[in-house]
Amino acid sequence: MLPYYDRDQIAAVLDIDALIDAMEKALIAFSTGASLQPVRMRVIDTEAGGDMCLMPAVTDVFAVKLVGNYPGNHDRGLPSHNALVVVFDRWTGFPRAVLDGTYITQMRTSAVSAMAARRLAAPDAKVLTIIGSGIQARGHFETLRRVRAFDEVRVWARDVAKAQAFAAAIGATAYARAEDAVRGADVIATTTSAREPVVKGEWLKPGAHVSAVGWNGLDGRELDDGVMKNLVLVESRDAASQESGNILLSGVPIHAELGEVLAGTAQVDIAKTTVFISVGIATEDAFAASLVLSALGG
């Protein structure tokens, strides 16, 4: 039978540091054309208030992620995102395994942000601010601390009680106002489903790094025009230009794909304020799934 690996099995073998390194390889592969990946296909179900995405990529494996985004699930006490990753042998097309894609998505997203911060944030960054209190906020707390030695972690979320609970769980400080949480921070991770900006450019210190991963749709955004006027980097120009409300609503130019910077074909001055917009690409899922299967011996 085709093996299925659930969240606990994946979490037991997933090396987070190796995952961060794998995400660097994934973005280089994407930007240099070493992987094959179309822009994701999305089916929007307006009646159900959700959408389903099909995300294929070819790396050393052929992986296809199926991920549903149903924001109304929060009111049902259920996760808004649920996913599966189906992995095929690249050379024969023979199916190898099915993996829980929800956990893979959570961890590869936060690993990509950590990898971006490793390249773009100030080497002496000491203050981390996390905007949000959900699973991505928790994932970012786990991964970002692996690339910088933060002395202080701040949390702000629209739900005050959730922000306080999250901050208490990780030993951070919860702030009542987003502005107070952001001012003076070296690295800011935004992980919300906010439709209106929750971070303003006037709050950012010069040289700060922002990683934005929240899913806000085509007409929603986490970052205002003041944030977006800085150096903007993305995983994929095509994907970000079609799927990121931060990009579409601000109309700003994209400085480079992060994979181009990592490959040395584009340059970034990290003394400047940088903004990494992540919408998630299938090549990341394929590299993460391959890493997991190798650890599982599958």
Side-chain angles (χ1 to χ4, degrees), residues 23 26-27 29-31 33 35-46 48-57 63-72 79-83 85 101-102 104-106 108-113 115-116 131-132 134-136 139-140 189-199 210-225 227-228 230-260 274-288:
M23 292 303 96
L27 291 198
F30 176 80
S31 291
S35 66
L36 303 175
Q37 181 205 294
V39 174
R40 82 187 89 209
M41 182 181 75
R42 174 174 287 107
V43 179
I44 300 174
D45 185 346
T46 55
D51 63 76
M52 185 67 69
C53 293
L54 176 69
M55 300 173 62
V64 181
K65 185 169 80 173
L66 300 166
V67 55
N69 175 29
Y70 288 75
S80 59
H81 289 72
N82 294 281
V85 177
T102 305
I104 285 179
T105 300
Q106 174 190 349
R108 65 87 160 136
T109 300
S110 55
V112 168
S113 288
M115 181 269 297
I131 303 296
I135 61 171
Q136 279 303 332
H140 278 69
T190 63
T191 68
T192 76
S193 58
R195 308 290 293 178
E196 299 293 333
V198 290
V199 176
V210 180
S211 277
V213 305
W215 185 248
N216 320 101
L218 302 182
D219 57 354
R221 59 194 300 192
E222 292 183 299
L223 311 176
D224 77 349
D225 286 350
V227 177
M228 296 300 295
N230 294 292
L231 284 180
V232 174
L233 298 101
V234 299
E235 297 145 313
S236 160
R237 284 187 179 84
D238 288 343
S241 297
Q242 295 180 40
E243 300 177 348
S244 169
N246 285 311
I247 298 288
L248 292 168
L249 296 178
S250 64
V252 299
I254 293 169
H255 175 73
E257 292 180 349
L258 183 54
E260 295 171 336
T274 54
V275 181
F276 177 58
I277 303 295
S278 172
V279 297
I281 58 175
T283 297
E284 297 164 352
D285 298 307
F287 269 79

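What you see below is based on every heavy atom in this structure, not just the backbone, and it leaves out hydrogens, waters and symmetry mates.
- Here the side chain of Glu235 pairs a donor or acceptor atom with the backbone of Val279 at under 3.5 angstrom.
- With respect to Glu222 and Arg195, no salt bridge is recorded, no charged nitrogen being found less than 4.0 Å from a carboxylate O.
- Ile135 approaches Gln106 most closely through the heavy-atom pair O-NE2, 3.3 Å.
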Legend entry - Full working for side chain to side chain contact (heavy atoms under 4.5 Å, CB included) between Asp224 and Val227: CA-CA 6 Å; Asp224 77 349; Val227 177; 3.4 Å; yes
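- A pairwise comparison of heavy atoms in Thr105 and Ala83 identifies OG1-CB, 4.3 Å as the closest pair.
- Among Ser110, Ser211, Ser113, the single residue meeting the side-chain hydrogen bond (donor to acceptor under 3.5 Å, both in side chains) criterion with His140 is Ser113.
- Ser193 places none of its side-chain heavy atoms less than 4.5 Å from the side chain of Ser80.
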Inset, instruction - Assess whether side chain to side chain contact (heavy atoms under 4.5 Å, CB included) is satisfied between Ile277 and Leu223, documenting all intermediate values. - result: CA-CA 10 Å; Ile277 303 295; Leu223 311 176; 3.8 Å; yes
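- Listed by chain and number, the residues in a salt bridge (charged side-chain N to carboxylate O under 4.0 Å, His left out) with Asp51 are Arg42 (sequence neighbours excluded).
- At a threshold of 4.5 Å between non-hydrogen side-chain atoms, the residues Val213 and Thr190 do not count as touching.
- Without hydrogens or angle criteria, Glu284 side chain to Ile281 main chain gives a donor-acceptor distance under 3.5 Å.
- To the nearest 0.5 angstrom, Thr274 atom OG1 is 8.0 Å from Asn230 atom CG.
- Between the CG atom in Leu27 and the OG atom in Ser278 there is a gap of 8.5 Å [rounded to 0.5 Å].
- Atom CG of residue Asn82 and atom CG of residue Leu66 lie 12.0 Å apart, to the nearest 0.5 angstrom.
- Contact record, Asn69 with Pro71: O-CD, 3.5 Å, taken as the closest heavy-atom pair.
- The CG atom of Leu258 lies 12.0 Å from the CZ atom of Phe30; values are rounded to the nearest 0.5 Å.
- Looking at Glu257, its side chain never comes within 3.5 Å of a backbone N or O of Ser31 through a donor-acceptor pair.
- Between the side chain of Arg221 and the backbone N or O of Val198, no donor-acceptor pair lies under 3.5 Å.
- Judged by distance alone, the side chain of Thr191 and the main-chain N or O of Ile131 form a donor-acceptor pair under 3.5 Å.
- In terms of heavy-atom proximity, Val232 sits nearest to Pro253 at CB-O, 4.0 Å.
- Distance alone, capped at 3.5 Å, places no donor-acceptor pair between the Gln37 side chain and the Ala57 backbone.
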Inset, instruction - Would you sort out whether Phe276 and Val234 count as a side chain to side chain contact (heavy atoms under 4.5 Å, CB included), showing the intermediate values? - result: CA-CA 6 Å; Phe276 177 58; Val234 299; 5.5 Å; no
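- Smallest separation of non-hydrogen atoms from Ala240 and Ile254: CB-CD1, 4.3 Å.
- Distance check, rounded to the nearest 0.5 Å: OG of Ser244 to CG of Leu249 gives 8.5 Å.
- In terms of heavy atoms, Arg108 sits closest to Met55 at NH2-CE, 4.0 Å.
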Inset, instruction - Could you check Val275 against Met228 for side chain to side chain contact (heavy atoms under 4.5 Å, CB included), going step by step and ending with a plain yes or no? - result: CA-CA 7 Å; Val275 181; Met228 296 300 295; 4.3 Å; yes
